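Okay, structure first, notes after.
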Amino acid sequence: MSEQTGKQLSKEEKDARFEAELLPVLAPLYNFAYRLTLDEDDANDLVQETYLKAYRFFDYFEQGTNAKAWLFRILKNSFINEFRKKSKQPAKVDYSEVEGYYNTDDVEGEGGVASTSDMRTESVQDLIGDEVASALNALPVDFRTVIILCDLEGFTYEEMAKILDIPIGTVRSRLHRARNSLKEKLEEYAKSMGYNS
Amino acid sequence: METGFTEAYKKMSEEGNETDCEKVAGILDLVIDGEASSEEQYFFNSHIEECVPCFESHQKQRLLKSIISGHLKRVIVPERLAHSIKTRIQETV
């Protein structure tokens, strides 16, 4: 006799559903975490925390709905909370209230994933990839986020609005500004390489 | 010059003094991201057929998106991660 109510799953059923529906999102989720934190250990912690929370609240997840968007939303919120702790911002500041204010302290760090491998053996594709990655990593985190969600993960504006807890109009304007700023960085690079637009 | 696109523009625009180019720039992202309505899409297509600067900015924006989706390397998920997640879940329940 199996229970169909959703809220009353046995532990085995819950674990099986959890693994089947949520674990396949692991790779995109880890990539998102890495692009947010720019640090492998932080990304690791963030993803683990996200899955623990997802497990705890799994009863609220409706089977067959958008598991990827749900997990991305949890991860994004966890990231904001961590970020608040680290930068000692008052916890009551809501994300929507910091719209328009971009903390750039966290983006200087590493040189992104652009590495030191021999330029001559690198293919043009790798070169472009590295340059795009470092240009993206140099963007403020809010800008980086919308570009990743939209262009890399293919979320719709509506899904992005839910993940980020902002209106669709804000998604649009943020995406627009993010792309302009990314374009500027890449155009600088193109010029430095002797290309003119 | 009364062309198809200016008619389409008049039909849907409520914004008065916005030029067609400004309007096209305003919906460029929607078009690139597949979020434009069919009217917006139609207006956009008709306009860039006749306007070189808007055509070029469309090409550029599309290139930018395809570079990100096509050339940005995915980072490899650490092998142990899935296992650690399952272990931690079992420990906490």
Side-chain angles (χ1 to χ4, degrees), chain A residues 11 14-15 18-19 22-23 26-35 40-41 43-44 47-52 54-56 58 113 124-133 135-136 147-148 150-158 160 168 171-173 175-176 178-180 182-183 186-187 197, chain B residues 12 14-15 18 21-41 43-44 48 52-93:
Chain A
K11 189 179 174 314
K14 181 177 171 181
D15 288 359
F18 182 83
E19 285 193 22
L22 302 191
L23 278 185
L26 181 59
L29 202 62
Y30 179 77
N31 268 269
F32 183 42
Y34 179 76
R35 297 275 168 221
E40 286 178 20
D41 292 332
N44 228 298
V47 169
Q48 290 199 32
E49 204 186 313
T50 300
Y51 273 106
L52 283 179
Y55 188 82
R56 211 176 307 143
F58 194 53
V113 294
V124 175
Q125 299 247 319
D126 282 348
L127 211 64
I128 294 172
D130 287 350
E131 200 49 49
V132 173
L136 189 64
I147 288 186
I148 291 161
C150 185
D151 295 342
L152 201 60
E153 298 300 341
F155 284 113
T156 63
Y157 290 179
E158 199 183 338
M160 288 165 72
I168 288 186
V171 169
R172 282 184 61 181
S173 62
L175 191 57
H176 185 73
R179 282 176 172 158
N180 281 346
L182 186 62
K183 254 189 291 188
L186 290 171
E187 273 162 14
S197 50
Chain B
M12 56 175 300
E14 309 285 20
E15 311 253 351
E18 218 181 7
C21 293
E22 281 165 351
K23 192 163 166 59
V24 156
I27 59 174
L28 178 57
D29 287 298
L30 292 176
V31 170
I32 296 286
D33 296 325
E35 300 263 354
S37 68
S38 50
E39 286 93 349
E40 285 167 332
Q41 187 73 54
F43 170 73
F44 188 90
I48 63 166
V52 175
C54 289
F55 175 79
E56 280 175 354
S57 67
H58 177 236
Q59 295 292 96
K60 240 189 198 177
Q61 198 82 343
R62 215 168 51 176
L63 178 67
L64 182 72
K65 187 178 169 102
S66 71
I67 286 176
I68 293 166
S69 55
H71 295 294
L72 193 65
K73 284 180 202 150
R74 297 234 168 214
V75 287
I76 309 289
V77 182
E79 267 176 51
R80 313 165 316 281
L81 186 53
H83 180 74
S84 338
I85 290 167
K86 288 183 206 167
T87 312
R88 278 191 65 188
I89 284 173
Q90 295 314 319
E91 280 167 1
T92 52
V93 287

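All values below were derived from every heavy atom in this structure, side-chain atoms included, with hydrogens, water molecules and symmetry-related copies excluded. Just so it is clear, the structure is predicted and the values come from calculations on it, not from any experiment. Every chain is numbered from 1, with letters handed out A, B, ... down the list of sequences.
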message: Please classify the contact of Leu64(B) with chain A as side chain, backbone, both or neither, using a heavy-atom distance under 4.5 Å.
response: side chain
- prompt: Under 4.5 Å between any side-chain heavy atoms of Cys150(A) and Arg179(A), yes or no?
  reply: yes
field: Check: Tyr55(A) main-chain N/O paired with Lys14(A) side-chain donor or acceptor under 3.5 Å
entry: yes
task: Heavy atoms only: give me the nearest Ile76(B)-Tyr30(A) pair and the separation to one decimal.
output: O-CE2, 3.5 Å
query: Is the NZ or CZ atom of Lys86(B) both under 6.0 Å from the centre of the six-membered ring of Phe18(A) and within 45° of that ring's axis?
result: no
query: Under 4.5 Å between any side-chain heavy atoms of Ile85(B) and Leu26(A), yes or no?
result: yes
Which portion of Gln61(B) sits near chain A, non-hydrogen atoms under 4.5 angstrom: side chain
- prompt: So, the side chain of Glu40(B) versus the backbone of Ile27(B): is there a donor-acceptor pair under 3.5 Å, distance only?
  reply: no
field: Part of Leu30(B) within contact of chain A (heavy atom distance under 4.5 Å)
entry: both
query: So which of Leu23(A), Thr50(A), Leu52(A) has the largest heavy-atom pair count under 4.5 angstrom toward chain B?
result: Leu52(A)
query: Quick one: what part of Ile148(A) sits under 4.5 Å from any heavy atom of chain B, side chain, backbone, both or neither?
result: neither
task: Please flag which part of Leu152(A) lies under 4.5 Å from any non-hydrogen atom of chain B: side chain, backbone, both or neither.
output: both
Leu29(A), part contacting chain B, at a heavy-atom distance under 4.5 Å: neither
statement: Okay, Glu40(A) and chain B: the region with an atom under 4.5 Å from a heavy atom over there is neither
